[in-house]
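Please read the structure below before turning to the comments.
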Amino acid sequence: MRLALPSFSKSIFYACSTLLLVALGLWIQGGQVLFNWIEVSEMIPFQKVVDTQAGQDLHSTVYFIRQNFQIQAATLEPTPEIIGFVLATIGLFTLLFSILPAWQTMLGAALWFGIVAFSLSDASIPALSQIISGQVFSLSLLALTGLSVLSSGSIPSLLLSWSQGSDVASSKKNRLILGLVWGVNLLITFGNQRFDLGIRTAIPPFFWWLLATGTYVYQNKENKTLLGISILALSALLPLLWHANTPGLQALESWNLINQVVMGLLFPLFIFRNFDSLLAKNLPIHKVIHKAALLPLHLIQIGVLILSVGAVFAFNSGAYHQGMAAKENYAGDVSGFFGDSQMAEIHYKNATLHSRLNPKSNQSLAALAQQAGDTEAFAYYVAASQSIHKDPSLSIALANVFAAENHPFDALFTLQKSDQADPRVASQLALQYERLAIPDSAAYFYEKAYELAPENPLYKANKLYSDVVYRKRKPDFDPSEDLAIQANLLAAGIPTAPMNPTFIPKADLRDLVYLYNGLFFWKEKAPIYDLTSWQRSLGDMFPELELLKSWQVYHHAKPLLALNQLNVSIAADTTQGSGMIGILAFWKYGTAFPVKTPVITRQNALSMLEKYPFQVSVLQQALPLVSPKKGYDAALSALQWNEQNPAFYPIYVQQALKMGEISYADEAMEKLRKLNPTLYQATQVSYLAEKQHALEKTKF
């Protein structure tokens with residue numbers, strides 16, 4: 001039985017074409033990065049006047065948001081390996097079904113699987129999966145090697161068809177022009193790739209492979225055997241390109257260019273040996289190339305294979321070692337998917353034996369070291385991966401390690417050697433200069449990062465912070481909705497859009513600092529938020545919510561409640577005690593300072609006591625209009641917060657006697673006698689009369 005369904009053959013051809021397009025897209029995109037950029041926010045305290053009452057200024061802390069970057073190892077996606085394995089299986093069976101009966105193919109597959117399973121009977125399912133996937137990937141790499149040899153003649157044969165003219169002269173002219181253009185460009189690319197000529201206009205090596213393979217697949221779209229080889233080979237490209245397995249790509253490009261250069265030398269010999277007489281008659285020989293009798297094309301391809309292998313070893317076996325490194329990197333990735341970090345590390349280290357400085361292996365080892373918390377190994381592998389190609393993310397990762405290990409100048413030099421045209425690098429340079437206490441340079445690089453990416457809110461927020469703290473500039477209003485920008489504007493004293501009553505902060509410092517600065521700036525104009533509820537989930541991350549609870553209550557006309565809350569917070573020492581003590585003293589002073597109050601009536605007496613708890617005139621007028629219990633509580637609170645002010649003692653004594661608390665009243669009068677004898681004598685007569693009245697009440 002042979003695979004003879006035309007529709008299936010077309011499906012394989014379309015699958016190959018799709019894979020080539022996907023390969024082009026992944027090559028352009030660059031594949032998945034091994035390290036992610038993580039934006040990190042920090043709170044930078046800044047002292048300023050946040051309130052003024054009764055001629056006194058309250059100096060307190062507001063916060064700027066300073067943002068920088070940390071580099072974190074990304075989680076590899078197993079998707080390309082899974083898809084590649086499925087496609088490799090399809091390609092392998094397509095190839096086998098096209099040359100063997102179905103029963104032999106299935107028997108061979110079952111026998112192979114049985115041998116592997118039996119020889120590894122003690123192995124776990126993950127270990128067995130790693131071995132099988134590795135063997136299938138090895139077959140794909142072999143098919144890719146063979147496909148490069150087979151497709152090496154596809155471009156010359158295509159050019160031969162394009163050069164066919166109406167007469168012999170025009171055909172010769174076309175062949176000469178196309179041959180020279182093709183040959184010169186191929187040699188320039190080969191020279192760039194092999195000898196580093198530095199010619200920027202050269203066609204990328206991957207394009208040569210893509211063009212040759214695409215042409216070859218199209219030319220053999222009805223040949224099921226060759227389509228099976230093609231899809232088996234192309235399945236290896238998904239994990240290679242997706243996970244930026246650079247040794248594999250370099251091996252493919254190097255091997256393919258050697259194949260095409262060798263074929264470029266042998267193909268004219270093949271044509272003239274077989275079709276010289278047909279060329280003289282201007283016949284379309286491109287249609288009968290595969291029928292060459294004297295020197296068949298497959299012999300030329302065997303010659304290409306032999307000469308290319310010789311060239312590889314002549315060039316110190318570079319392509320071979322890179323291919324082996326790619327295979328080990330693939331095995332390391334698969335081990336990582338199964339959570340076997342130890343085996344993954346072994347495979348990646350084996351890859352470095354074949355290609356010591358390849359970025360894929362070193363970055364993967366760095367990622368494993370970071371996950372294991374091995375800072376020294378992480379720095380070593382990051383530095384090794386930077387030897388060939390400077391990656392801004394890894395420069396920042398290495399600089400962060402130096403900074404954390406108290407090597408600030410090493411961190412600075414690492415960043416200076418990176419791409420300073422990248423705003424992320426400029427931002428990190430600013431941070432490093434800031435750590436070295438060089439504010440002018442820090443401000444310069446914060447501004448440079450902003451100029452490189454003015455639409456990015458991160459750099460804009462950092463520039464606001466730098467302008468205020470280092471350049472002493474007052475920034476302009478900015479309508480941006482980014483909360484870091486809004487928080488920094490508020491810290492600088494610039495009015496922003498009013499705070500939204502529906503605002504709910506996330507577990508993000510930008511949200512929380514915006515909330516903090518917003519409440520400090522807007523005061524009584526800010527909405528009332530459910531800070532107590534937010535504190536339960538965000539209190540550990542942002543303990544300043546404890547202060548904000550009191551701040552919000554105070555500026556919404558409940559100063560006594562705010563003072564009590566703040567006093568409890570200071571006693572519990574939940575946050576910055578010294579700053580809170582200063583705020584407590586300021587609030588007490590502002591609440592007790594004489595102010596003009598509205599007319600007090602029975603309807604507003606309670607609210608007036610709540611809003612003006614330390615105003616003697618308010619207490620004297622409002623206490624008779626409320627219940628004795630509420631009056632006693634208000635007088636007691638006023639006295640407790642103003643024990644050194646004699647004016648509050650007679651007020652408290654009067655309310656205590658109303659409640660029958662004679663002993664408390666006597667104690668208060670005794671303290672008044674010591675504190676202010678004159679006032680004590682002035683109130684003695686009324687006190688004794690009220691006390692007698694209270695005693696008469698107790699008789700009943």
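All values reported here derive from a predicted model rather than from experimental measurement.
Contact check for Glu690 versus Lys658: no side-chain heavy atoms found under the 4.5 Å cut-off. Looking only at side-chain heavy atoms (C-beta outward), Lys460 and Asn456 stay at 4.5 Å or farther from each other. Residues Phe64 and Asn517 are not in side-chain contact: their nearest non-hydrogen atoms beyond the backbone lie 4.5 Å or more apart. A heavy-atom distance below 4.5 Å is found between the side chains of Asn642 and Lys588. Side-chain atoms of Leu623 and Leu609, non-hydrogen and from C-beta on, do get closer than 4.5 Å to each other.
Across Glu643 and Leu675, no two heavy atoms sit closer than the pair O-CD2, 3.6 Å. Of all non-hydrogen atoms in Gln53 and Tyr554, the two that sit nearest each other are OE1-OH, 3.1 Å. Of all non-hydrogen atoms in Ala635 and Gln655, the two that sit nearest each other are CB-CG, 3.7 Å. Shown here for Ser385 and Leu394, the closest heavy-atom pair between the two residues is OG-CD1, 3.3 Å.
In this structure, Phe520 and Tyr516 have parallel ring planes: the angle between them is below the 30° cut-off, well short of the 60° mark. Between Trp641 and Phe614, the angle of the ring planes lies from 30° to 60°, which puts this pair in the tilted group. Between Tyr63 and Phe542, the angle of the ring planes goes over 60°, which puts this pair in the perpendicular group of the 30/60° scheme. Ring geometry for Trp587 versus Trp551: interplanar angle of 30 to 60°, hence tilted.
Within 6.0 Å of atom CG in Asp530, more than 12 heavy atoms from other residues, nucleotides or ligands are found, so the atom counts as buried in its surroundings. No more than 12 heavy atoms of other residues, nucleotides or ligands lie within 6.0 Å of CZ in Phe409, so this atom counts as exposed by the packing criterion. For Asn500, the CG atom is densely surrounded, since the number of other residues' heavy atoms within 6.0 Å is greater than 12. Other residues, nucleotides and ligands place more than 12 heavy atoms under 6.0 Å from the NZ atom of Lys523. Enclosure of atom OH in Tyr664 is not indicated, since only 12 or fewer non-hydrogen atoms of other residues, nucleotides or ligands lie within 6.0 angstrom. Counting heavy-atom neighbours within 6.0 Å of Glu524 CD, excluding the residue itself, gives a total above 12.
Of the possible donor and acceptor atoms, one in the side chain of His556 sits under 3.5 Å from a partner among the backbone N and O of Ala526. A side-chain donor-acceptor contact under 3.5 Å links Thr414 to the backbone of Asp410.
Judged by distance alone, the side chains of Gln535 and Lys549 do bring a donor and an acceptor atom under 3.5 Å apart. Using modelled atom types and a 3.5 Å distance limit, the side chains of Asp478 and Ser480 yield no donor-acceptor pair. For the residue pair Thr61 and Gln47, a side-chain donor N or O sits within less than 3.5 Å of a side-chain acceptor on the partner. Side chains of Arg510 and Gln67: a donor on one and an acceptor on the other come within 3.5 Å.
Counting only residues at least two apart or in different chains, ring pair (Phe, Tyr, Trp, His ring centres under 6.0 Å) contacts with residues 413-435 comprise Tyr433-Phe445.
For Lys48, there are no salt bridge (Lys or Arg N to Asp or Glu O under 4.0 Å) partners at least two apart in sequence or on another chain. Residues satisfying the salt bridge (Lys or Arg N to Asp or Glu O under 4.0 Å) criterion with Lys448, sequence neighbours excluded, are absent altogether.
Separation of atoms CD1 (Ile438) and CG (Asp440) is listed at 9.5 Å; rounding is to 0.5 Å. The line from CD1 of Ile396 to CD of Gln432 is 11.5 Å long, rounded to the nearest 0.5 Å. Summarising the geometry, atom CD1 belonging to Ile65 is positioned 7.5 Å from atom CG belonging to Asp508; distances are rounded to the nearest 0.5 Å. Atoms CZ and CD, on Phe378 and Gln363 in that order, are 10.0 Å from each other to the nearest 0.5 Å. Met43 contributes atom CE, which lies 12.0 Å from atom CZ of Arg66 (distance to the nearest 0.5 angstrom). Interatomic distance, CG of Leu429 versus OH of Tyr444, reported as 10.0 Å (0.5 Å rounding).
Under the 6.0 Å cut-off for aromatic ring centres, Tyr446 and Tyr450 do not qualify, their centroids lying 6.0 Å or more apart.
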